[in-house]
Structure formats: structure tokens, C-alpha cells
Protein chains: 2
Amino acid sequence: MEKQSVTIYTVAREARVSMATVSRVVNGNPNVKPATRQKVMDVIKRLNYRPNAVARGLASKKTTTVGVIIPRITNPYFADLALGIDDIASMYKYNIILTNSDNDDEKVLKVVRNLLAKQVDGIIFMGYSMPDELRDELKSSNTPVVVAGSVINDDELATVRIDYENAAKEATLKLLDNAKDHVAFVTGPLKYVINSNDRLSGYKAALAERHVDFDDQLVVETDGTYQSSYDQAKKLVEAGVKAAYVSNDNLAVGLLNGLTDNGVKVPDDFEIISSNDTTYTKISRPTISSITQPLYDIGAIAMRLLTKLMDGNDSTTDEQDVILDHGFAQRQSTR
Amino acid sequence: MEKQSVTIYTVAREARVSMATVSRVVNGNPNVKPATRQKVMDVIKRLNYRPNAVARGLASKKTTTVGVIIPRITNPYFADLALGIDDIASMYKYNIILTNSDNDDEKVLKVVRNLLAKQVDGIIFMGYSMPDELRDELKSSNTPVVVAGSVINDDELATVRIDYENAAKEATLKLLDNAKDHVAFVTGPLKYVINSNDRLSGYKAALAERHVDFDDQLVVETDGTYQSSYDQAKKLVEAGVKAAYVSNDNLAVGLLNGLTDNGVKVPDDFEIISSNDTTYTKISRPTISSITQPLYDIGAIAMRLLTKLMDGNDSTTDEQDVILDHGFAQRQSTR
DNA sequence: CCCAAAATGGCAAACGTTTTCAACAAAAAA
DNA sequence: TTTTTTGTTGAAAACGTTTGCCATTTTGGG
């Protein structure tokens, strides 16, 4: 790769000013006389000068780049979040280094080390758990971190999310009130705190409120894939289950299609409420009722919060935990 | 932001060697005596030294970062491609700067300028068209570019894709052969060459082969969204259309649901073949027959090709245009 | 007109690496 | 032994910015 042809030095020479002045012009520093500024800008345009962001990063210790960890880019839930993140990031002139973690602790650690080596100004973490080692690394690196759309085993990190517990409770209550007694909780891996803690608690709270005994046979743990819940459909029906609150849309669609393909009518014989309100819930037939989350906003707000933190508003006092409102979309999978 | 505490210099001092030697150790340069190497590695571990990638980028003129332009991260088609890209990228130790272009020429230009300023080693472009200005910029920047999963108005750029024209032709033939005479082509914006050139040509070729006259009333242009084709469903049926080849899965699902919601039976009264074989085609009911594309592979191969180009294998002679095989998945939307 | 204060701009030292070149040492060949 | 060759290492110059500090100019009040 050949040397960059036109540098700040070239411009300085052509404009008969110093590099410092060019730098000031480029960065909008006010301490430069309008005439000089114009002169420099003309040269910049003429030479088509483009500042080298790497050199700038080294000198200024700011890369205007943030790292984004996403479990899987093809997961619509996280993709929606990522869209919000990206929009706000580009609004604030930040770039996004995006990497899939595949929910693999090993990989996540590697990825973050990489991001830190690249001197990102901040990190947005999406995912279901954060290895201790990673947490330590992040803390000692002193890089601002915001957790978006997920709950992890750490309460010191800034987080943007909804109240998963309450949302789960409300959904479960709705199913219980539709005169169903056998309401199951179909969930992704329980090793993720968002499932095992937040959602399960909400589910239990709803049962308690309606004086229904908790039956752990009704908590159906899956690996979170479409296929896994599709396969569970038949068993659930045979077990007499009449409704299910489902922890993610993949699972909900799988369950729905599994039921339909087995001749079970939704919502007549079985009701479903899902959790994430992604496109899946709208394109399935019947459509799936769901807790609604402002996905885009969660991403957007997380990114905005991150910019604050990166600007040094450490604001340890400020609320670091933003809980957005959720809602409910009544669709065809519930009566 | 405070100064980096432990640098290559610190390590060098502690290990009583020069920076050069530390650099060699870190980069696996073989010209270091094993004993020295060990000594340096010990210090690195003890001090927990992490090389600064920005400084490295400045000195070596390689950032091990590639820019990826994606129309919209939430579009499953491109998300699948992106997954392949990311996997291979991380295999080759590259990071991905991912940005949504929203298919907006202005924005794309801005984004690419940004990427170039950040000194990315290469760019993967996904999208439906490339503004002339952008093309010029890319060429003069001398940065390797690979176009993935799309066709654009330029034949000099390396591209990885399938044969959209033939795929469209085969799909249309299938529909024609199922004894339908009124086969429509429901497409996204015709200003995109992949639609107006490749797919439309394929559609026409199929008609010609079956001696069916081309009727431009049967080419239904939409804005590419779910809703747009959903809204077209009724009109199509009223116009006597019996089947449709659809240019993307969003549209196909929209059309399908529009038909179903209007009481039209698929596939009995209307057959559909879609183009991209994303999840949508599998979770809809009925499921949608589709051309199949190795989406992940397209992304993966594009990235691999890019690494070649970045390694300087300019190989102007080599095939710069990789055409992968496509297939067909028979599902419930066709007989 | 003079002088202090404000505005402007230049110098040069960072920033943390890689890399070229030369030096030196050790091993091999003569 | 002497000369080559090969293998290891270090010194220091890039890489292209930003920025602190100082010098010079402008400005405006008296």
C-alpha cells in the first residue's frame, strides 16, 4: 500500500500555513481568521484532501468508532435493535464495528479484546450473559459500555431495556384470564438470566396472583430455535396445555406452525402470546399476539446513552438503567 | 482519555530488548531467538500488554478492518449475507465496520467516504445501485471492493452472486407449465438493474420459450415492502392473474397474506414463487416455494475473495465475477 | 499614539506502532 | 585461522494527525 498522497502537510504547504492551522480548519476550531479558513478550505477542496482517521485516532485518542456485540445478526430482534443503534451512531458521526458473538463466551471475549485493541470509544453489548472475565476486562479498560435489550448478571453496567418481568406477568395474566388453567411457559435456555430470572418470575407472579399452583412441568425449556418449539407442539397439546407464553418470536412461530400442522386450532384450542413483536409475529397466519417493545428505540437510546458516557458525563449518579415502556398487541393468536 | 499505560516501549524496557524485538515477537516474526521470544512473552503476559491497533494501523497502513455496506440490516436477505461475511472475516482476523445505506445514494456516498477516511483495507458492497460519483471515488481510492448478492451498473467490480436471470426464467417456466397463462412478475423498484435487467429478462425469456405474449400489465412494480404487495393482491386476482413470480421474499409473503386474507386459496387458485429463500418463506403458511440461493456462501465467498484482493492478488486475469449455483425449493405455494 | 488584551498562527512534541538498515555475533566454509 | 554466510538485535525514521505552548499580529480603549 503506497503512502497517502495528500496529507495535512501538503495542504499546509500549498496554503502557506502550518499543519496546526489546517488541523484547526478541518476540526472547526474557531481560532482561525475567516480569510485563512477560506484559503485553507479552497486548497483542501482543490487537492481533495481527506483527513486520515487512523492518524487522527492515534493523536487524539478518539476513534469515533464504537463496538457492537450482537448474538446473531440474523436474529430479527437484535437486528431491529442494531438498526436503532446504527441510526443514532451515524447521526453522531460514529461508526459501528459489528460482530456476532454467537452467544459463545469464548468468542465474545476474543471479540471484545479485539475491539479494545482497536481503541473503540465505547461498546454496546447485546446478549444473554457476560462472562466474568469479560466484565473484568471491560472494567479495567475503562471503556464505556451500555447493555441493550438484554439483562445480564451485572447491575453496575448501564442498561436500556423494558421491564421483562412485568411484561411476562401481564402476558401470563391475559392467558390465565381467558379461562385457561393450563398455561405453559415456553422459553429459550434457562441459563440466561432474562429467562430464568425475569420472565420466569413474571410468569410465577401471574400464577400467584390468580391463585394457580406452579407446575414445573409447564415450564418448557428449549434451545430457542424455531425447530425446537415446533417439535414441542404436539407434546404440549397431549399434556393438556391450553395456552403458552413464549419467550421469543422464533419459538412462538415454531410453536404456532407446529400446532397448526398438527391440526390444533389457534386460538380456539390453544392461545399464544409472544415476547418481542418482530416481523415474524405479523407475517405468520394466524398473526401472533405479543408483548410489544420499542426495539428501535431501545437501540437508539442505548446509543445515545453511550455517547453521553463517552463524552465523559460519567454521571455515576444519573440513572444508568433505562426502562422503557412496553405494550401489548392483540392479534389472532389470542381471543 | 489518559495515555495508554503499558506500551511496546514499556515491554521493551522491562524485557531489556528493543521495541523492534517486541514488535517481532508480537507479530510472530521468526527472526527472534527462542530464548528472547520467551523472555518477551513473559513480560507481555506479566504486564498484560495489548498492542494498540490504531498505532499499528498508522505504521503499517493496514487496519485489518473492512467496510460493509448493507441496504438495511433488518432485511433477512442481506442479514444472511452479512452473517457469511462476518464469519469469514473473523476467521481471517478482520473486523467489520457495518453501515446501513438505506439505499440512499447520498448516504452511501457519505458512508463510503467515511470508510475510506478510516482506512479500511477493503469494502463489501451490497445494494441495488452504485452512484457514479461513488464508483469514481472507490476507483481512485484504490481500495479493493467486492459486490455481494447484488447486481449493479458496473462490470469492472468483482461480484459474487447467482445467475438471477436464469433463476427468474426457471421460476417463471415452472409457473407457466402448471398450466397457467396469466403469470405475473411482481417486483421491487425497476430502477434497480437486478429487477429491470436480470429478473425481467428472465421472465421474458420464459414467456418467449413458451410462446406466451408479453403483457406489461403483468409486470407489477412495487416499492418492495410487505405492505405494497399485500395491497396488490386483490387487484391481481381481479385482473385474472393466476400465478406470480416475485422478486423478493418480503413481497412474496405480503402477496400471500393479501391473497389469503381475501379468501384466495394458495396454491389452488394462485401460485407463488419467490426469489430469496429466507426464513420468511419457511414460516409463512402455506410455505412459499422459492428459488434457493446459498446466501451464507455468497457472503462468505465475497469476503474470501476480498481477502485475496487485499493481499494484493490483483489477479486482473482471474475471474472477478463468481456465479454460484442456485436451486429451487418446492413448497406449498406451488403444485 | 500607546499599550494591554485578544486573536491568530507556527513549532515541535507527542501518539504507539512498524520497518529499514546497519551492526554485531555466531556458525559454516575455506 | 580467515572469510563467508546466516541469524539476531537495536537505533531511529517513518506513519499523519492533534495539541500545548509560545510568538506574533490585531484590536480597541484611553
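Throughout, protein chains are lettered first and strands after them, A, B, ... in sequence-line order, and every chain is numbered starting at 1.
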If you look at every heavy atom in [X] and [Y], which pair is closest and at what distance?
X      : Y      : value
B:G127 : B:S150 : O-CB, 2.9 Å
B:D104 : B:E106 : OD1-N, 2.7 Å
B:G122 : B:T143 : CA-CG2, 3.6 Å

Taking side chain to side chain donor-acceptor pair (under 3.5 Å) as the definition, give me every residue that meets it alongside B:T307, ordered by chain and number, with sequence neighbours left out.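 Side chain to side chain donor-acceptor pair (under 3.5 Å) check on B:T307 returns nothing, list empty.
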
Salt bridge (charged side-chain N to carboxylate O under 4.0 Å, His left out) pairs touching residues 25-44 of chain B, sequence neighbours excluded, are none

Starting from the first five and the last five pairs of the helix from C:dC1-D:dG30 to C:dA30-D:dT1, work out the angle between the resulting helix axes, to 10 degrees. 40°

Can you pull every protein N or O that's under 3.5 Å from an N or O on nucleotides 25-27 of chain D?
none

Just wondering, are more than 12 heavy atoms of other shown residues or ligands nearer than 6.0 Å to CZ in B:R16? no

Is B:Q320 close to B:L309 at the side-chain level, that is, under 4.5 Å between some pair of heavy atoms? yes

Side chains of B:R161 and B:D321 in contact at under 4.5 Å (non-hydrogen atoms): yes

Integer-rounded Å distance: [N] [atom2] and [X] [atom1]:
X     : N      : atom1 : atom2 : answer
B:Y9  : D:dA12 : OH    : P     : 12 Å
B:N52 : D:dT17 : CG    : P     : 17 Å
A:I8  : C:dC11 : CD1   : P     : 14 Å
A:L58 : C:dC15 : CG    : C1'   : 4 Å
B:N31 : C:dC24 : CG    : C1'   : 15 Å

The side chain of [X] is closest to which nucleotide in this list: [options]?
X     : options                : value
A:V32 : C:dT17, C:dG9, D:dT8   : C:dG9
A:A55 : D:dT17, C:dT17, C:dC15 : D:dT17
A:S60 : C:dT18, D:dT18, C:dG16 : D:dT18

If only side-chain N and O atoms of A:K62 are considered, is one of them under 4.0 Å from the OP1 or OP2 phosphate oxygen of D:dT18? no

Which pairs would a plain distance check flag for residues 93-102 of chain B, meaning a side-chain donor or acceptor within less than 3.5 Å of a matching protein atom at least two apart in sequence or in another chain?
{"from": "B:N95", "atom 1": "OD1", "to": "A:K118", "atom 2": "NZ", "distance (Å)": "2.5"}
{"from": "B:S101", "atom 1": "OG", "to": "B:N103", "atom 2": "N", "distance (Å)": "3.1"}
{"from": "B:D102", "atom 1": "OD1", "to": "B:R72", "atom 2": "NE", "distance (Å)": "3.2"}
{"from": "B:D102", "atom 1": "OD2", "to": "B:K107", "atom 2": "NZ", "distance (Å)": "3.3"}

Using heavy atoms and a sub-4.0 Å distance, could you list which residues of residues 34-50 of chain A are near DNA chain D? By number, please.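 Contacts with DNA chain D under 4.0 Å: A:Y49, A:R50.
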
Counting only heavy atoms and a strict 4.0 angstrom limit, can you tell me which residues of residues 13-30 of chain A come near DNA chain D? A:M19, A:A20, A:S23, A:R24, A:N27

Mind checking side chain to side chain contact (heavy atoms under 4.5 Å, CB included) for A:D132 and listing every partner two or more places apart, or none if nothing turns up? A:R135, A:N153

Using the test side chain to side chain contact (heavy atoms under 4.5 Å, CB included), find all partners of A:R50 that sit at least two apart in sequence or belong to another chain. A:N48, B:R113, B:E137

Pairs in or reaching into residues 6-58 of chain A: which pass ring pair (Phe, Tyr, Trp, His ring centres under 6.0 Å), with residues at least two apart or in two chains? none

Contacts of type salt bridge (charged side-chain N to carboxylate O under 4.0 Å, His left out), residue B:R46, not counting sequence neighbours: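 With neighbours one apart ignored, the set is B:E14.
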
How would you list, by chain and number, every residue that makes a ring pair (Phe, Tyr, Trp, His ring centres under 6.0 Å) with B:Y192, sequence neighbours excluded? B:Y128

